[in-house]
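Notes for the one structure printed next.
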Protein chains: 2
Amino acid sequence: MSVDQAAKREIPDATVARLPGYLRALGQLTAQDVLSVSSEELAHSAGVSSAKLRKDLSHLGSYGVRGVGYDVAHLTYQISRALGLTHDWPVLIVGMGNLGRALASYGGFATKGFKVVALLDRDPTLVGQQLDDLRVQPMTELESLVTPGEACIGVIATPAGSAQEVADRLVAAGVSSILNFAATAIQVPEGVHMRKVDLSTELQILAFHEQQRSGGMTDDLLEGAG
Amino acid sequence: MSVDQAAKREIPDATVARLPGYLRALGQLTAQDVLSVSSEELAHSAGVSSAKLRKDLSHLGSYGVRGVGYDVAHLTYQISRALGLTHDWPVLIVGMGNLGRALASYGGFATKGFKVVALLDRDPTLVGQQLDDLRVQPMTELESLVTPGEACIGVIATPAGSAQEVADRLVAAGVSSILNFAATAIQVPEGVHMRKVDLSTELQILAFHEQQRSGGMTDDLLEGAG
DNA sequence: TCCTGTGAAAGGTTTCACAGCT
DNA sequence: AGCTGTGAAACCTTTCACAGGA
């Protein structure tokens with residue numbers, strides 16, 4: 001078994017979170033037939049500093065050429081490999097409301113290393129409907145759709161009230177990676193990876209900064225009343 | 001000028017990012033008529049450690065009671081105030097594809113400190129359509145919808161190819177907070193706050209960890225050397 | 001000369017553990 | 001006793017600045 005430079009284990013979380021951005025920027029360069037890119041240029045299109053980019057890439061191995069830059073195709077491959085995107089991952093979407101349908105018909109999956117394999121909903125009026133080339137299935141099918149041993153990513157796009165129950169069933173069925181779009185925190189056992197995407201949260205963070213900008217003058221009045 | 005405990009500016013970014021989660025957990029407690037909560041309980045429902053919660057809240061001021069816990073209503077108010085949610089922020093959504101429509105009809109806005117005030121799309125066949133109580137307007141209206149001086153949050157839900165152009169127009173019109181759902185990085189001038197939400201990125205991060213799980217056995221060889 | 005890769009320094013975040021108040 | 005608020009320690013991330021290879 002060869003020990004090559006990329007075998008360096010333990011890529012920092014902050015780095016992993018940025019690799020998809022680099023991959024996307026590299027994709028745009030590939031589309032423009034650019035063959036080679038410097039850390040400065042790539043960092044700029046990904047919206048980070050060049051020092052950060054170089055440090056991030058150094059955790060994957062030494063894939064650049066000093067004095068020249070990075071080979072776009074080779075770096076694309078190395079990042080894809082680091083992220084585990086050399087084969088497609090099956091994705092199962094639960095909840096076919098407005099958001100679930102938007103996610104299901106989002107084309108970006110196929111090219112990005114994922115394939116939606118099943119759509120589920122509790123509502124009998126939605127079950128059976130065709131979305132692109134998939135048919136919405138009832139919740140009772142959930143357990144039969146997850147092949148134990150074969151990894152699969154579960155996406156929760158249900159109302160907040162059902163999210164925990166759906167998560168529990170996904171976990172029980174053997175899903176160990178969950179992406180939660182429901183507007184609630186869900187609890188998962190240790191060992192299950194859960195990420196949350198939430199519109200309200202993002203808007204509230206923006207509101208905070210917007211408020212900081214316009215100054216705390218209204219706040220000062222309130223402080224007095226304490 | 002009064003200097004009380006809450007006057008401490010500079011709430012750490014990591015804390016700001018978690019405040020919405022605490023607010024949501026408090027909302028659930030309020031709905032259950034719970035009047036008081038300990039850091040342990042609140043932290044658990046928000047999915048963080050109690051030490052982290054207490055440290056976070058300490059940046060806002062001392063709103064707990066030692067030996068007792070936090071008053072749910074009062075803490076809700078203080079966090080809302082810290083985030084700038086004591087009044088509603090106007091939100092403008094650009095791009096009425098599947099995702100834009102899902103965002104527009106997402107009810108969670110109103111109760112969370114935001115109000116969608118305008119929907120825009122480039123496609124003439126979408127312009128004029130009614131979504132809830134708003135009518136989709138043409139892109140030419142963008143500049144007239146942003147009142148200079150009055151803060152407003154712009155949401156980009158267009159295809160990747162139009163995102164940068166839309167961002168440029170929003171910024172030129174005076175929008176200084178942007179939430180980008182398009183699958184591309186966009187550049188904004190210094191002083192404009194931009195946050196990005198992206199499905200592919202989240203799935204790719206999950207894929208990385210899923211791969212680590214199943215591929216971890218090769219790592220054992222390296223451990224031996226340590 | 002050019003640009004990558006990387007130690008070292010600086011900065012930020014989380015956890016610990018306990019002082020201090022009810 | 002019970003629980004918050006907080007220094008200090010541990011840990012993680014970013015930035016700096018330059019050694020080193022093309």
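Computed over heavy atoms, backbone and side chain alike; hydrogens, waters and symmetry mates excluded. All values derive from a computational prediction rather than experimental measurement. Letters A, B, ... are given to chains in the order of the sequence lines, protein chains preceding strands, and every chain is numbered from 1.
If you check every strand for non-hydrogen atoms under 4.0 Å, B/Thr15 touches nothing. Among the atoms of the strands shown, only primed sugar atoms or phosphate atoms (P, OP1, OP2) are found under 4.0 Å from some heavy atom of B/Ser49.
Set against D/dT4, D/dA22, D/dT13, the side chain of A/Val65 has D/dA22 as its closest nucleotide.
Residue order along DNA chain C, read from the 5' end via each residue's closest nucleotide, puts A/Gly67 first among A/Ala51 and A/Gly67.
Spacing between atom CD of A/Glu40 and atom P of D/dT15 amounts to 13 Å, rounded to whole angstrom units. Atom pair A/Arg66:CZ and D/dA22:P shows a separation of 8 Å (rounding to whole Å applied). Rounded to whole Å, atom C1' of D/dA9 lies 11 Å from atom NZ of B/Lys55. Going from atom OH of A/Tyr70 over to atom C1' of D/dA22 covers 14 Å, rounded to whole Å.
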**OP:** Begin with the C-alpha distance, continue with both residues' side-chain angles, and end with the deciding distance and a verdict on side-chain hydrogen bond (donor to acceptor under 3.5 Å, both in side chains) for B/Ser45 and A/Gln187.
**Re:** CA-CA 8 Å; B/Ser45 23; A/Gln187 320 285 334; over 6 Å; no
Subject >> Residues A/Thr86, A/Arg81; criterion side-chain hydrogen bond (donor to acceptor under 3.5 Å, both in side chains); working and verdict >> reply: CA-CA 6 Å; A/Thr86 47; A/Arg81 190 160 71 94; over 6 Å; no
**OP:** Determine, stepwise, if the pair B/Val166 / B/Leu170 fulfils side chain to side chain contact (heavy atoms under 4.5 Å, CB included).
**Re:** CA-CA 6 Å; B/Val166 169; B/Leu170 286 170; 4.0 Å; yes
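Ring pair A/His209/B/His193 is parallel by interplanar angle, where below 30° counts as parallel and above 60° as perpendicular.
Atom CD of A/Gln78 sits about 11.0 Å away from atom OG of A/Ser62, to the nearest 0.5 Å. How far CG of A/Leu23 is from CZ of A/Arg18: 15.0 Å, rounded to the nearest 0.5 Å.
Heavy-atom contacts of chain B under 4.0 Å fall on DNA chain C between two terminal nucleotides, which in 5' to 3' order are C/dT13 to C/dT22.
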